[in-house]
Peer 1: 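One structure, as structure tokens, below. Some questions next.
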Amino acid sequence: MHVCRCTHPVNAQRFLDRLDPAAWRQLRKLYQPRPEALKINRFDDAAYWVTINVERAQDLWLDRSPPLRILDLGCGAGYFLYVCQSLGHEGLGLDTSREPLFHGTTALLNVRRIISRIDPGVPLPDLGEKFDLVTAHRVCFHRTERLGNHKWNEWTPADWKFFINDIRTRFLRLDGRLLLDFNPRRNGSSFFTPELRACFRSLGARIFRSKALLAADPSDRPRFKQKKH
């Protein structure tokens, strides 16, 4: 995927030039950094996050595909959808409302979002439409309870099967794709334990490093490269 970025470069600066610097400065005044939210405070760095999300879009060939309808789960500050929209796609985000900063960033980026939790064994809210692509980056909604010492209770394989089936049957178009991009574990190991790797593969996932890509059809193993229409 890195090779694709080199052969078809996209300049992130063009996306940054569309942002109003004065509005971004005002955003920082309105949402002052909080000592207890160091990770969240970083999301006002538009230059960094736009660059990261341009790369994410390129990895999915969104810079070279026809217009798609995209749902981003756990959309956070909204940078991924902002980049997608700037590339000619339509987007909708879904996330909780617990981070005040994200209210400001999604408004400035003109990103639409639905406020909702993602809980194990609970269907997502009806959005009234289906999508060509459903994404989730830096997935953390599978963590259900903090145990201490940087450990969590996490979704079981059965929970993942329920979630993926819900996305496939209610939110993906016939040729749609679901991308799940996970953080490595605290010790640096892959999110995909042997049990989880077997689970995702049984569901038809193509796994590449921290990512799992699934098609609407469980019998189809999709590729990251966008099919030509």
Side-chain angles (χ1 to χ4, degrees), residues 1 56 59-62 68-76 80-81 84 91-98 113-148 150-227:
M1 290 189 285
R56 288 172 174 168
D59 288 345
L60 288 164
W61 287 61
L62 297 179
L68 302 178
R69 191 82 177 112
I70 299 170
L71 172 64
D72 190 32
L73 303 176
C75 63
F80 177 70
L81 287 176
C84 291
L92 176 66
L94 184 147
D95 209 339
T96 65
S97 60
R98 65 187 180 191
R113 67 172 182 165
I114 300 295
I115 302 301
S116 177
R117 288 179 53 84
I118 302 175
D119 290 315
V122 179
L124 293 181
D126 183 12
L127 301 180
E129 62 179 309
K130 292 195 174 185
F131 299 85
D132 302 292
L133 177 65
V134 177
T135 58
H137 298 281
R138 299 168 62 92
V139 175
C140 59
F141 52 74
H142 65 292
R143 298 171 176 173
T144 58
E145 180 185 11
R146 189 187 293 273
L147 300 176
H150 306 296
K151 293 183 179 180
W152 294 80
N153 269 336
E154 298 183 1
W155 285 10
T156 65
D159 295 326
W160 281 114
K161 289 179 181 178
F162 180 95
F163 169 79
I164 290 170
N165 182 66
D166 189 42
I167 297 293
R168 277 176 161 157
T169 57
R170 298 176 55 230
F171 297 97
L172 284 183
R173 292 176 175 169
L174 291 178
D175 59 350
R177 297 174 296 161
L178 166 64
L179 173 76
L180 300 171
D181 187 2
F182 297 93
N183 292 310
R185 297 188 180 277
R186 186 77 181 184
N187 62 6
S189 64
S190 170
F191 163 80
F192 295 104
T193 62
E195 181 184 31
L196 287 174
R197 186 176 295 273
C199 170
F200 275 78
R201 284 183 169 166
S202 74
L203 297 170
R206 185 179 294 275
I207 296 173
F208 180 77
R209 296 181 180 172
S210 64
K211 301 177 175 66
L213 187 66
L214 301 101
D217 183 349
S219 65
D220 182 19
R221 285 193 180 268
R223 295 186 177 276
F224 284 88
K225 178 178 177 179
Q226 176 70 29
K227 294 180 180 178

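Computed from a prediction, not measured in an experiment: that's the story for all the values here.
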Peer 1: Of all heavy-atom pairs between S210 and D181, which one has the smallest distance, and what is that distance?
Peer 2: OG-OD1, 2.8 Å
Peer 1: Looking at I114 and L127, what are the two nearest heavy atoms and their distance?
Peer 2: CG1-CD2, 3.9 Å
Peer 1: Sequence neighbours excluded, which residues qualify as side-chain hydrogen bond (donor to acceptor under 3.5 Å, both in side chains) partners of N165?
Peer 2: none
Peer 1: How long is the straight-line distance from CG of L92 back to CZ of F131, given to the nearest 0.5 Å?
Peer 2: 5.0 Å
Peer 1: Do L214 and I167 make a side-chain contact, defined as non-hydrogen atoms from C-beta onward lying under 4.5 Å apart?
Peer 2: no
Peer 1: Using side chain to side chain contact (heavy atoms under 4.5 Å, CB included), reason through R177 and L60 one step at a time and then give a plain yes or no.
Peer 2: CA-CA 10 Å; R177 297 174 296 161; L60 288 164; 4.2 Å; yes
Peer 1: Kindly indicate whether the side chain of F141, heavy atoms from C-beta on, has any atom under 4.5 Å from the side chain of T96.
Peer 2: no
Peer 1: Search all heavy atoms of P123 against all heavy atoms of F162 and return the closest pair with its distance.
Peer 2: N-CE2, 3.8 Å
Peer 1: Checking S116 now: which residues fulfil side-chain contact (heavy atoms from CB on, under 4.5 Å) with it, not counting sequence neighbours?
Peer 2: L94, P125
Peer 1: Only counting residues at least two apart or in another chain, list the ones meeting salt bridge (Lys or Arg N to Asp or Glu O under 4.0 Å) with R197.
Peer 2: none
Peer 1: What distance separates L180 CG from L73 CG, expressed to the nearest 0.5 Å?
Peer 2: 8.0 Å
Peer 1: Grab the two heavy atoms, one from R201 and one from R221, that are nearest each other, plus how far apart they are.
Peer 2: O-NH2, 3.0 Å
Peer 1: How close do K161 and S202 get, heavy atom to heavy atom, and via which atoms?
Peer 2: CE-OG, 4.5 Å
Peer 1: Out of curiosity, T144 OG1 to E154 CD, how far, rounded to the nearest 0.5 Å?
Peer 2: 8.0 Å
Peer 1: Which residues pass the salt bridge (Lys or Arg N to Asp or Glu O under 4.0 Å) test with D132, sequence neighbours left out?
Peer 2: R173
Peer 1: Could you tell me which residues satisfy side-chain hydrogen bond (donor to acceptor under 3.5 Å, both in side chains) with D95, sequence neighbours excluded, listed by chain and number?
Peer 2: none
Peer 1: Only counting residues at least two apart or in another chain, list the ones meeting salt bridge (Lys or Arg N to Asp or Glu O under 4.0 Å) with E195.
Peer 2: none
Peer 1: What pairs with R170 under salt bridge (Lys or Arg N to Asp or Glu O under 4.0 Å), at least two apart in sequence or on another chain?
Peer 2: D166
Peer 1: So do the side chains of D59 and L179 get within less than 4.5 Å of each other, counting heavy atoms only?
Peer 2: no
Peer 1: So, using side-chain hydrogen bond (donor to acceptor under 3.5 Å, both in side chains) as the criterion, who are the partners of R168 when residues are at least two apart?
Peer 2: none
Peer 1: Between the side chain of R206 and the main-chain N/O of L213, is any donor-acceptor distance below 3.5 Å?
Peer 2: no
Peer 1: Report the residues that fulfil side-chain contact (heavy atoms from CB on, under 4.5 Å) with P184, sequence neighbours left out, ordered by chain and then residue number.
Peer 2: none
Peer 1: With ring centroids as reference points, do W160 and F182 lie under 6.0 angstrom apart?
Peer 2: yes
Peer 1: Which atoms form the tightest heavy-atom contact between V139 and H142, and what is the distance?
Peer 2: O-CE1, 3.3 Å
Peer 1: With side-chain hydrogen bond (donor to acceptor under 3.5 Å, both in side chains) as the rule and sequence neighbours excluded, what pairs involving residues 121-131 come up?
Peer 2: R69-E129
Peer 1: State, yes or no, whether a side-chain contact exists between L196 and F191 at a heavy-atom distance under 4.5 Å.
Peer 2: yes
Peer 1: For D119, what residues pass the side-chain hydrogen bond (donor to acceptor under 3.5 Å, both in side chains) criterion, not counting sequence neighbours?
Peer 2: R117
Peer 1: Can you sort out the partners of A216 under side-chain contact (heavy atoms from CB on, under 4.5 Å), two or more places apart, ordered by chain and number?
Peer 2: L172
Peer 1: Looking at L71, I70, L178, D72, which one forms a side-chain contact (heavy atoms from CB on, under 4.5 Å) with L133?
Peer 2: I70
